[in-house]
There are 2 protein chains.
Amino acid sequence: MTDKINRRGEIIRVASQLFIKNGYESTSVRDIAAGVGCTEAALYYHFKSGKRAILKEVVEVLVPMLFNVIVECRDAASLDALVAQYSRRLLDVMSDQAEVLRWAVSEFPNFGEEERAFFYEKQSMIFSHFVEMIQRYVPDRAEAQQTVWIIMCISIGYIQMFYSFNVKSTPYGQQVHLGALLARALSLPPP
Amino acid sequence: MTDKINRRGEIIRVASQLFIKNGYESTSVRDIAAGVGCTEAALYYHFKSGKRAILKEVVEVLVPMLFNVIVECRDAASLDALVAQYSRRLLDVMSDQAEVLRWAVSEFPNFGEEERAFFYEKQSMIFSHFVEMIQRYVPDRAEAQQTVWIIMCISIGYIQMFYSFNVKSTPYGQQVHLGALLARALSLPPP
DNA sequence: GTCTATAGCTTGATAGAC
DNA sequence: GTCTATCAAGCTATAGAC
């Protein structure tokens, strides 16, 4: 009810940023406390099991961000339109997306059973949802699944390549366009 | 000339493994010394600038591994054959490749200017080389470049998805085949 | 080249007052 | 709920003997 009602949420928010920026191991409980503007001891009041408990809740905030772009592309008129919309939407949130993806890859080995289970559950939900969306245009289920894998692999690879590694196009090559890559890979007319 | 001639190389070898397994930050100089079988002080004899200097040389060993798979697929008779050969070869070394890729993604933000420059130089060399290989079958340069980007993005995405995250295929779906994904994305006959 | 010893710092976590 | 104070354990790095 007071305006400090959300110390806990604030801790998660600050911790997310720090974990993404510096990694879990390199972020100290002190750093988090400083960011929030309280002492370390106060953190241990809110999260009895300490740093690990904070990670767990951060995962529950960040992992959904990884997959949610997809859901927002319902009601496209065709596969072309869906792919165009998807890649536009993905590029909009790319910087965030790239950070979260890089973080997820880095931190995944440190995840415990619970965090992994949560990740797989979200991934699986989104995959099914995506396949259903694609089946409107590609009725054959196996083919729709393959389409989804291609979109997902290209998206992940593209993000890693051009955002995490910040690869510039080579001297000869103009900027690489995600939409064009996806269109070519799915044999759609170029955007 | 003695059999301890390569203490230095041994340090790099052990450090590479530990950095990949636990990350740079979480690997202590003590861990490396223990793995090598000497004291920390001895490490500081071989690497005057300490842990950081070790990272620099580890990068020079690991980054080339990331890209070298590609080079080994010369002299294929067709694009189909090249892609088939490439994905077979990549799957052979996939575990290593996945580990090194995950490590590179994780550690990239900690790289200094020199390490980044080294990374980009290798990446650029391999990209050019790959484009030339593809141009035997796809003479148009822009199209050959796009082909390479598609192969690279799908490979990276596939590795991250199925090795770094260890995503199992969903209930409905059979195992996802890298070669099939690449063939479909490049409009080649399925393998 | 390799060792022992240690300086000087940061870490995650807790006890106990308010 | 939040604080001060403190802890043991860990860290990188160096000095100096052999």
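Naming: A, B, ... by sequence-line order, numbering from 1 per chain.
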Looking at A:K21, I'd like to know if its NZ atom is crowded, meaning that more than 12 non-hydrogen atoms belonging to other residues, nucleotides or ligands lie closer than 6.0 Å. no
B:K48 (side chain) donor-acceptor with B:H46 (main chain) under 3.5 angstrom: no
Under the ring pair (Phe, Tyr, Trp, His ring centres under 6.0 Å) rule, collect the residues that match up with A:Y24, sequence neighbours excluded. A:F19
Just checking A:S26: base, sugar-phosphate only, or nothing, at a heavy-atom cut-off of under 4.0 Å? nothing
More than 12 foreign heavy atoms under 6.0 Å from CD of A:E114: is that the case here? no
Can you tell me the distance, in whole Å, between the CD atom of A:E10 and the P atom of D:dG1? 16 Å
May I ask you to say what A:S49 touches in the nucleic acid, namely base, sugar-phosphate or nothing, with a heavy-atom cut-off under 4.0 Å? nothing
Can you give each donor-acceptor pair under 3.5 Å made by side-chain atoms of residues 79-87 of chain B, sequence neighbours left out, with the distance rounded to 0.1 Å?
from, atom 1, to, atom 2, distance (Å)
B:Y86, OH, B:S155, OG, 2.6
B:S87, OG, B:V83, O, 3.1
B:S87, OG, B:A84, O, 3.3

Round to the nearest Å and state the distance from B:N22 atom CG to D:dG10 atom C1'. 15 Å
Return the polar atom pairs (N/O with N/O) between nucleotides 7-9 of chain C and the protein under 3.5 Å, or none.
none

Pull out every residue in residues 31-47 of chain A that has a heavy atom closer than 4.0 Å to any atom of DNA chain D, ordered by number, or say none. A:C38, A:T39, A:A41, A:A42, A:Y45, A:H46
Residues forming a side chain to side chain donor-acceptor pair (under 3.5 Å) with A:S28, sequence neighbours excluded: A:D31
Taking only the side-chain nitrogens and oxygens of A:S28, find out if one of them lies under 4.0 Å from OP1 or OP2 of C:dT10. no
Tell me whether B:K51 at atom NZ has more than 12 heavy atoms from other residues, nucleotides or ligands lying less than 6.0 Å away. yes
Which one, C:dT2, C:dG12, D:dC11, comes nearest to the side chain of B:R7? C:dT2
Is the ring centre of B:F127 less than 6.0 Å from the ring centre of B:F130? no
Separation of atom NZ in A:K51 from atom P in C:dA13, rounded to whole Å: 8 Å
Listed once per pair and sorted, the side chain to side chain donor-acceptor pair (under 3.5 Å) pairs that draw on residues 98-113 of chain B, sequence neighbours left out: A:S106-B:S106, B:W103-B:E107, B:E107-B:N110
note: A:K48, atom NZ; C:dA15, atom C1'; distance rounded to Å ~ 14 Å
Roughly, in whole Å, what's the span from CG in B:L18 to P in D:dT12? 12 Å
